[in-house]
Amino acid sequence: MGRKVTLATCSLNQWALDFDGNLTRILKSKFDFYFQTLLNFVFFSDFPHICKQNTLLFPSCRRILLIRPKMVMANCGLHREMRWFSPWNQLRQVEEYFLPRMIQEVTGQDTVPFGDCVLSTKDTCIGSEICQELWSPRSPHIQMSLDGVEIFTNSSASHHELRKADQRVNLIKSATAKCGGIYLYSNQRGCDGDRVYYDGCAMVAINGDVVVQGAQFSLNDVEVITATLDLEDVRSYRGERCHPHMENEPKPCHRVKVDFSLSTGDDIYLPTHQPITWNYHTPEEEIRYRLTPGHFYLICEPLPGIGGGFLLPLSGGVDSSSTACIVHSMCVQICQAVQDNNSQVLEDVRRVTGDASYYPQDPRELCGRLFTTCYMSSENSSVDTCTRAKELAHQIGSTHMNINIDMAVKGILGIFSVVTGKWPQFRVNGGSPRENLALQNVQARVRMVLAYLFAQLSLWARGKPGGLLVLGSANVDESLTGYFTKYDCSSADINPIGGISKTDLKSFLLYCVEQFQLTALKGVLSAPPTAELEPLTDGQVSQTDEADMGMTYSELSVIGRLRKMSKCGPFSMFCKLIHMWRDALSPAEVAQKVKHFFRMYSVNRHKMTTVTPAYHAESYSPDDNRFDLRPFLYNTRWTWQFRCIDDQVGRKHRWTVECTVMCQQFN
């Protein structure tokens, strides 16, 4: 009957400036689609270097049909497109663009249509949105739908955040539910060499329903999904819901006509895809699956042709244990990919391990090859943390070492003593706060130096080539307050958990206990978080993180979201928290926490300028590099803001006293 079309979209692991690799993956996706369908086809591809426009290219059969420039720039959060590109702001305007000579020689064309236009085949009409345009309050698909466009494409680079997938899916379902139509969504997959991870999630939707879902996280460099759909379903859906003649429309879309059809004449027995229920990952699964590909690419790309892997200072606490579990999960997924006959993953593993005949089957055995952990003990370390680190290392299979740092710490303090004639003391031994903090920092910084030493020479000591990448383990809440030593073990080559909250990390470890039977994590979760940098009391930890910070990690998560997402300063945050925390804290107690946080935040913000790169995962991340662009030098007294808070607390106190007096009088 000539109304059914077979369409495809994809997710590719593309890397900036990797021209050969990117071309190979693009061609593979096209061949995959061709061999799945054996039909006429037209492709669309990003082409972001024409006339300072971020553009979409429609090529077909050695010709370029049109170039569609981006009309809405992504210019917030992680993205600064306006720095490099200009939006096309001429609605329904099209001009002729002269192609570069090298492209003219291939296509035989001098010019192509460039602008806000659509593609008209013999049987349907195809329009496009580019990435951010889907998220815009004035998305182009609305006007295009009312002008008769039936199929929409979206070539996107939408980064991953925890709990974000449903927003993306709902936008696409809503786009086709309002006006009808078919939506093909393609999204980048992989790291692209930056701090963000693109999570794929290609999909095809029709009339408000998703019919095909691509993988959100995968080690596959190329994934193509296809769907066969009936154009008559779009037309009948629109016949009842859309009335273009009732709208005051601008002039119609410019149509670039082509002399072929997407459908065939005999398709009555061709089955169509039916709606599916979207399979969402839990946040714990997102942490697991999202970070695995990123870490695998890290050890594949920087160290080609030689051995490699990771080194992690494993303290026995929640943060470093989370990083260890992420690497273990990577090994599990690598073994599964090899079992599923992923030749690219097998080739990469063999290159990284330096063993051309290696065939990974056991995640623990693979972990022993790729992952080195070390417990860096001092006279302030407890037996409990040492035991927890050793047990976890054994269960995941990492190569584990116990390194005592006391000799290095005493050597550094000895140098200071020779020069100054002074020997600093901890607070419990009569030392001042400055001495106490300096002694903690020396331990923390020695650990960083030793971590890099062992990362460079551990494989050499074992007679193996290559070196190890150092992994850090500071969570997003500690970065907010600066609760870490500058240039300590939080300084590393990459920090897998730097964008994740402590609350989510605890949930992730609970997930790992069940998923991987890592029973050592139960002890990690039940212990109070501690840096173990001050002397023990009767062999037990006397220092805890939450006591040092003056607030709990759950409170920090709330404060962090108000600071970044709600754009709250001290006073506006106080105004919100007195209601959010009214069942637990008085206004005076809320005021104390807010002021304490902003003092810590402003005093320590400078640490974010040197913090280890971390994958972006949380919407309230304080990452100074590209997401949370703020000053790193503040007036730490916040005089006007704190005075406003104190005035409100005093007014509340006076009101409470007056009410109490009145009640007593009536009684």
For a quick test of reading the model, state the closest non-hydrogen atom pair linking Ala492 to Gly472 and the distance between them.
CB-N, 3.3 Å

Salt-bridge criterion met for Glu347 and Arg350 (N-O under 4.0 Å)
no

Given Val349 and Ile334, is the side-chain contact (heavy atoms from CB on, under 4.5 Å) satisfied, shown in steps?
CA-CA 8 Å; Val349 171; Ile334 289 173; 3.4 Å; yes

Does NZ or CZ of Lys564 lie under 6.0 Å from the centre of the six-membered ring of Phe627, at an angle within 45° of the ring axis?
yes

Output yes when a side-chain donor or acceptor of Arg3 lies under 3.5 Å from a complementary backbone atom of Thr264, and no otherwise.
no

Hey, is the main chain of Tyr615 close enough, under 3.5 Å, to the side chain of Arg195 for a donor-acceptor pair?
no

Would you say the side-chain atoms of Gln132 pair up with the backbone N or O of Val72, donor to acceptor, closer than 3.5 Å?
no

Pair Arg25, Asp18 - check salt bridge (charged side-chain N to carboxylate O under 4.0 Å, His left out), show working.
CA-CA 11 Å; Arg25 288 181 284 272; Asp18 180 17; 3.0 Å; yes

Distance col, row Ser218:OG vs Asn342:CG, nearest 0.5 angstrom, shows 7.5 Å

Start with the C-alpha distance between Asp348 and Gln344, add both sets of side-chain angles, then the distance that settles side chain to side chain donor-acceptor pair (under 3.5 Å), and finish with yes or no.
CA-CA 6 Å; Asp348 290 338; Gln344 183 63 55; 3.1 Å; yes

Using 30° and 60° as the class limits, which term best fits the ring planes of His160 and Tyr197: parallel, tilted or perpendicular?
perpendicular

Return yes if some donor-acceptor pair links the side-chain N/O of Tyr620 with the main-chain N/O of Val476 below 3.5 Å, else return no.
no

Testing Lys164, Arg168, Arg189 one by one against Asp199 for a salt bridge (Lys or Arg N to Asp or Glu O under 4.0 Å), which residue passes?
Arg168

Say whether, by atom type as modelled, one donor and one acceptor occur between the side chain of Ser11 and the main chain of Asn187 under 3.5 angstrom.
yes

Got a donor-acceptor contact below 3.5 angstrom from the Gln90 side chain to the Trp88 backbone?
no

If we count only N and O atoms by modelled type, under 3.5 Å, do the side chains of Gln143 and Asp147 hold a donor and an acceptor together?
no

How close do Gly115 and Pro69 get, heavy atom to heavy atom, and via which atoms?
O-CD, 3.3 Å

Interatomic spacing from CG in Leu66 to CG in Leu119 - rounded to 0.5 Å
5.5 Å

Side chain to side chain, Asp628 and Arg605, heavy atoms closer than 4.5 Å:
yes

Looking only at heavy atoms, the pair that brings Pro252 and Arg92 closest together is O-CD, 3.5 Å

Compute whether any side-chain donor of one residue and acceptor of the other, for Asp623 and Ser621, lie under 3.5 angstrom apart.
no

What do the steps show when you test Glu133 against Arg68 for salt bridge (charged side-chain N to carboxylate O under 4.0 Å, His left out), and what is the final call?
CA-CA 12 Å; Glu133 293 174 354; Arg68 158 62 158 83; 2.8 Å; yes

Go through it in stages, so that I can follow the logic: the residues are Leu99 and Val112, the test is side-chain contact (heavy atoms from CB on, under 4.5 Å), and I'd like the CA-CA distance, side-chain angles, deciding distance and then a yes or no.
CA-CA 7 Å; Leu99 293 170; Val112 295; 3.7 Å; yes

What pairs with Ala165 under side-chain contact (heavy atoms from CB on, under 4.5 Å), at least two apart in sequence or on another chain?
Gln216, Tyr280

Hey, does the side chain of Gln188 reach the backbone of Gln14 with a donor-acceptor pair shorter than 3.5 angstrom?
yes

So which heavy atom on Tyr198 is nearest to which on Cys191, and how close?
CE1-O, 4.3 Å

Measure the shortest side-chain to side-chain distance between Leu7 and Thr226 over non-hydrogen atoms and say whether it is less than 4.5 angstrom.
no

If you take the centroid of each ring, where Trp contributes its six-membered ring, are His159 and His79 closer together than 6.0 Å?
yes

Show your working on salt bridge (charged side-chain N to carboxylate O under 4.0 Å, His left out) between Asp259 and Lys122 and close with a plain yes or no.
CA-CA 7 Å; Asp259 190 27; Lys122 289 183 174 181; 2.9 Å; yes

side-chain contact (heavy atoms from CB on, under 4.5 Å) between Asn154 and Ile130, intermediate numbers included
CA-CA 5 Å; Asn154 190 318; Ile130 306 176; 5.5 Å; no

Test item: Ser263 and Lys4 side chains (from C-beta on) under 4.5 Å apart, heavy atoms:
no

So, taking the atom named OG1 in Thr6 and the one named CG in Asp267, what distance separates them when rounded to the nearest 0.5 Å?
9.0 Å

Would you mind reporting whether Val204 and Thr9 have side-chain heavy atoms less than 4.5 Å apart?
yes

So, for Phe310 and Leu471, which heavy atoms are closest and what is the spacing to 0.1 Å?
CD2-CD2, 3.6 Å

Check against side-chain contact (heavy atoms from CB on, under 4.5 Å), Val212 and Val210:
CA-CA 6 Å; Val212 182; Val210 176; 5.9 Å; no

Once rounded to the nearest 0.5 Å, what's the spacing between atom CD1 of Ile64 and atom CD of Gln104?
10.0 Å

Using the ring of each side chain (for Trp, its six-membered ring), is Phe152 parallel, tilted or perpendicular to His141, with breaks at 30° and 60°?
perpendicular

Give a yes or no on whether a salt bridge exists between Arg238 and Glu150, defined as a side-chain N under 4.0 angstrom from a carboxylate O.
no

Indicate yes or no: at least one non-hydrogen side-chain atom of Trp278 is less than 4.5 angstrom from one of Cys201.
yes

Going from OG on Ser619 to CG on Leu78, what distance comes out if it is rounded to the nearest 0.5 angstrom?
11.0 Å

I'd like to know if the side chain of Asp230 reaches the main chain of Glu232, judged simply by a donor and an acceptor atom lying under 3.5 Å from each other, with no hydrogens or angles considered.
yes

Can you confirm whether the side chains of Ser329 and Arg288 place a donor and an acceptor under 3.5 Å from each other?
yes

Counting neighbours of CG on Asp20 that are heavy atoms of other residues, nucleotides or ligands and sit closer than 6.0 Å, is the number greater than 12?
no

Backbone of Met330 reached by a side-chain donor or acceptor of Gln333 within 3.5 Å:
no

Is any side-chain heavy atom of Tyr185 less than 4.5 Å from a side-chain heavy atom of Ser155?
no

State, to 0.1 Å, how close Val234 and Gly180 come at their nearest heavy-atom pair, and which atoms those are.
CG1-C, 4.4 Å

Do Pro360 and Leu346 come close enough that some side-chain heavy atom pair is under 4.5 Å?
yes

Can you measure from CG (Asp209) to NE2 (His273) and round to the nearest 0.5 angstrom?
14.0 Å

Output yes when a side-chain donor or acceptor of Asp116 lies under 3.5 Å from a complementary backbone atom of Val94, and no otherwise.
no

Under a 4.5 Å cut-off applied to non-hydrogen side-chain atoms, are Val149 and Ile126 in contact?
no

